[in-house]
Amino acid sequence: MLRSALNHQSVRKLSLNLAETKCKRLEGKVAIVTASTEGIGFAIAKRLAEEGAKVMISSRKEANVKKAVEQLKSTGLNVCGTICHVGKKEDRKRLLEKVNKQEFGSLDILVSNAATNPNPSTLFDTSEELWDKIFDINVKSTFLLLQESLSLLRKSKTPSIILVSSVSAYRPYTLLGAYGVSKTALLGINQLAAATLVSEGIRVNCIAPGIIKTKFAKILCEGELGETMLSTIPMQRFGEPKDIAGVAAFLASDDASYITGETIIASGGMPCKL
């Protein structure tokens, strides 16, 4: 009886340890994750590093970069960081130069996560200034960073680009207006970039997160609106940043070596189509 109980405890302990252990699919790879000091970006950077990648953290604010890097390094992960406002050419250039010349010497994985939606509003309440800001960061800067990173990615044996779109690219959330349109545009960039780069062995894929519990999506997760949103999710829960990080790690790995031009929707089962 005692031996049986001990065996049960040992098996349970082993199962828990295995559940907490991440596989090392990304050893030897170098990754950049933009807007990676909190929320989805931070979770992706953490997961890629846990799977063995060397990861460059980036964000607009130096204090946030320093905090994120210290937090991840304290757990033994191989990360570094730099300030990068993706809307500024000089910042994008510094980001790529730092990962290549100062820190890791190469680039295999680019995760474009940076986005903005400074004043959520309906489509026709969007001012020209707000429209330009959203598209400058969410679409134009994404394209330019991809374009500028190609010289490094072309040197990689297993290059992978991952764009972070949104479930709002598919579902018409009226409150998200221009933001949703900008995320739909990323689906187009994803497909065309994948088709253009496939002959060079560069895979390009996209993730469309559902409603994820982050500061960015706080307005959608709380109060009466939060209850309404929750009722549209078949799994009956909001997503966690780690739910998206796992998808990103898969797409960056050799397990996804036959996948390009695709968008994985991680939305808790919400029906999505264009």
Side-chain angles (χ1 to χ4, degrees), residues 26 28-49 52-74 77-118 132-165 182 185-186 189-190 193 197 200 202-204 206-207 215-216 245 248 252:
L26 305 177
K29 298 183 187 292
V30 174
I32 286 176
V33 185
T34 62
S36 48
T37 57
E38 60 184 13
I40 290 173
F42 180 81
I44 291 175
K46 180 174 182 287
R47 179 60 182 269
L48 298 187
K54 302 171 185 177
V55 182
M56 174 67 76
I57 302 288
S58 67
S59 181
R60 292 182 299 119
K61 297 181 180 179
E62 184 177 8
N64 292 348
V65 172
K66 184 178 179 181
K67 180 181 177 182
V69 169
E70 288 178 350
Q71 184 177 341
L72 294 179
K73 278 190 171 183
S74 70
L77 299 178
N78 193 349
V79 302
C80 62
T82 189
I83 298 171
C84 181
H85 186 311
V86 295
K88 296 181 179 179
K89 183 176 181 178
E90 61 272 22
D91 279 20
R92 297 192 304 269
K93 181 180 179 180
R94 181 172 61 245
L95 172 66
L96 294 169
E97 286 182 346
K98 186 163 185 177
V99 76
N100 184 42
K101 296 180 179 180
Q102 299 178 31
E103 297 293 345
F104 301 135
S106 60
L107 179 64
D108 305 286
I109 303 161
L110 175 66
V111 181
S112 179
N113 174 64
T116 189
N117 190 26
D132 287 345
K133 184 170 185 176
I134 289 172
F135 272 77
D136 183 58
I137 298 299
N138 299 4
V139 182
K140 179 182 175 182
S141 296
T142 296
F143 163 72
L144 290 174
L145 181 60
L146 265 60
Q147 186 180 54
E148 292 157 358
S149 70
L150 287 179
S151 61
L152 296 181
L153 290 169
R154 283 174 172 141
K155 298 175 184 178
S156 170
K157 293 181 180 179
T158 55
S160 175
I161 295 171
I162 300 169
L163 310 182
V164 180
S165 180
S182 74
L186 291 184
I189 290 178
N190 176 60
L197 297 172
E200 299 184 60
I202 300 176
R203 295 187 300 107
V204 187
C206 191
I207 306 172
K215 184 169 69 174
F216 192 85

Measuring from [X]:[atom1] to [Y]:[atom2], what's the distance to the nearest 0.5 Å?
X	Y	atom1	atom2	answer
R92	Q147	CZ	CD	9.0 Å
S182	D136	OG	CG	11.5 Å
L152	E97	CG	CD	9.5 Å
L144	S149	CG	OG	10.5 Å
C80	K54	SG	NZ	10.0 Å
L153	L197	CG	CG	9.0 Å

Side chain to side chain contact (heavy atoms under 4.5 Å, CB included) between L72 and V55, worked out = CA-CA 10 Å; L72 294 179; V55 182; over 6 Å; no
Lys/Arg N to Asp/Glu carboxylate O, R94 vs D91, below 4.0 Å |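 A salt bridge is present here (some side-chain N lies under 4.0 Å from a carboxylate O).
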Any donor-acceptor pair under 3.5 Å from [X] side chain to [Y] backbone:
X	Y	value
R60	H85	no
S36	S58	yes
N138	T116	yes
S112	T142	no
T34	N113	yes

Would you please test L150 and I202 for side chain to side chain contact (heavy atoms under 4.5 Å, CB included) and show each step?
-> CA-CA 9 Å; L150 287 179; I202 300 176; 4.0 Å; yes
E38 vs N64, side chain to side chain contact (heavy atoms under 4.5 Å, CB included): CA-CA, chis, key distance, verdict | CA-CA 8 Å; E38 60 184 13; N64 292 348; 5.5 Å; no
For the residue pair [X] and [Y], what are the closest heavy atoms and their distance?
X	Y	value
L95	M56	CD1-CG, 3.6 Å
V79	A49	CG1-CB, 4.1 Å
F216	A115	CE1-O, 4.0 Å
I162	A252	CD1-N, 3.9 Å

Under the ring-ring contact (aromatic ring centres under 6.0 Å, His included) rule, collect the residues that match up with F104, sequence neighbours excluded.
->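 For F104, no residue satisfies ring-ring contact (aromatic ring centres under 6.0 Å, His included) once neighbours in sequence are set aside.
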With respect to S156, which candidate in D108, V30, L107 satisfies the side-chain contact (heavy atoms from CB on, under 4.5 Å) definition?
->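 Single side-chain contact (heavy atoms from CB on, under 4.5 Å) partner of S156 among D108, V30, L107: D108.
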I32 pairs by side-chain contact (heavy atoms from CB on, under 4.5 Å) with which of L110, V111, L48?
->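 Only one option passes, and that is L110.
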Between K29 and T158, does any side-chain donor sit less than 3.5 Å from a side-chain acceptor?
->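 Yes.
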I57 and T37, any side-chain heavy atoms less than 4.5 Å apart |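 SC-SC contact between T37 and I57 confirmed.
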